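Structure first, then comments.
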Amino acid sequence: MLQAKFSVEETQAQFLSNFKLYGFKDKSSMLREAIDHFKKEIELESLKKSADLYSEIYSEDNELKELTEDALNGWPE
């Protein structure tokens, strides 16, 4: 596992010091879990923005709607 040096605010350091209260074996495992959680949140937000953009484009493009409807003809529901 790689090691990294970083700085945190005092309140963040105090929070990390309570790692046992949250079921972690050490500060590092707590921080890794927080980073993984944050990464998933960022990826989900990016996916939502992309879906919103595609939805907006689709709602404004009648030709694309027609193309989609034509492609769906004959497909089981």
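Every heavy atom of this structure was used, including side-chain atoms; hydrogens, water molecules and symmetry mates were not. Being a predicted model, the structure only gives us computed values, none of them experimental.
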Test item: N18 side-chain N/O and L21 main-chain N/O as donor-acceptor pair under 3.5 Å: no
If you draw a 6.0 Å radius around CD in E63, do more than 12 non-hydrogen atoms from other residues or ligands fall strictly inside? no
Does NZ belonging to K65 count more than 12 external heavy atoms closer than 6.0 Å? yes
For the atom pair CD (E10) and OG (S17), what is the distance rounded to the nearest 0.5 Å? 10.0 Å
For E43, does the CD atom have more than 12 heavy-atom neighbours from other residues, nucleotides or ligands under 6.0 Å away? yes
Atom pair CG (N73) and CD (E69), whose distance is rounded to the nearest 0.5 Å: 7.0 Å
Once rounded to the nearest 0.5 Å, what's the spacing between atom CG of L64 and atom CD of E66? 10.0 Å
Indicate, with yes or no, if L67 and Y54 share a hydrophobic cluster defined by side-chain heavy-atom contacts under 4.5 Å among Ile, Leu, Val, Met, Phe, Trp and Tyr. no
For residues 3-34, which residue pairs pass the ring pair (Phe, Tyr, Trp, His ring centres under 6.0 Å) check, not counting sequence neighbours? F15-Y22
With a 4.5 Å cut-off on side-chain heavy atoms, are M1 and R32 touching? yes
Hey, are S29 and D26 close enough side-chain-wise for a donor-acceptor pair under 3.5 Å? yes
Given 3.5 Å as the limit, does a donor-acceptor pair link the side chain of S46 with the main chain of I42, or not? no
Taking E60 for the side chain and I57 for the main chain, is one N or O donor matched with an acceptor at less than 3.5 Å? no
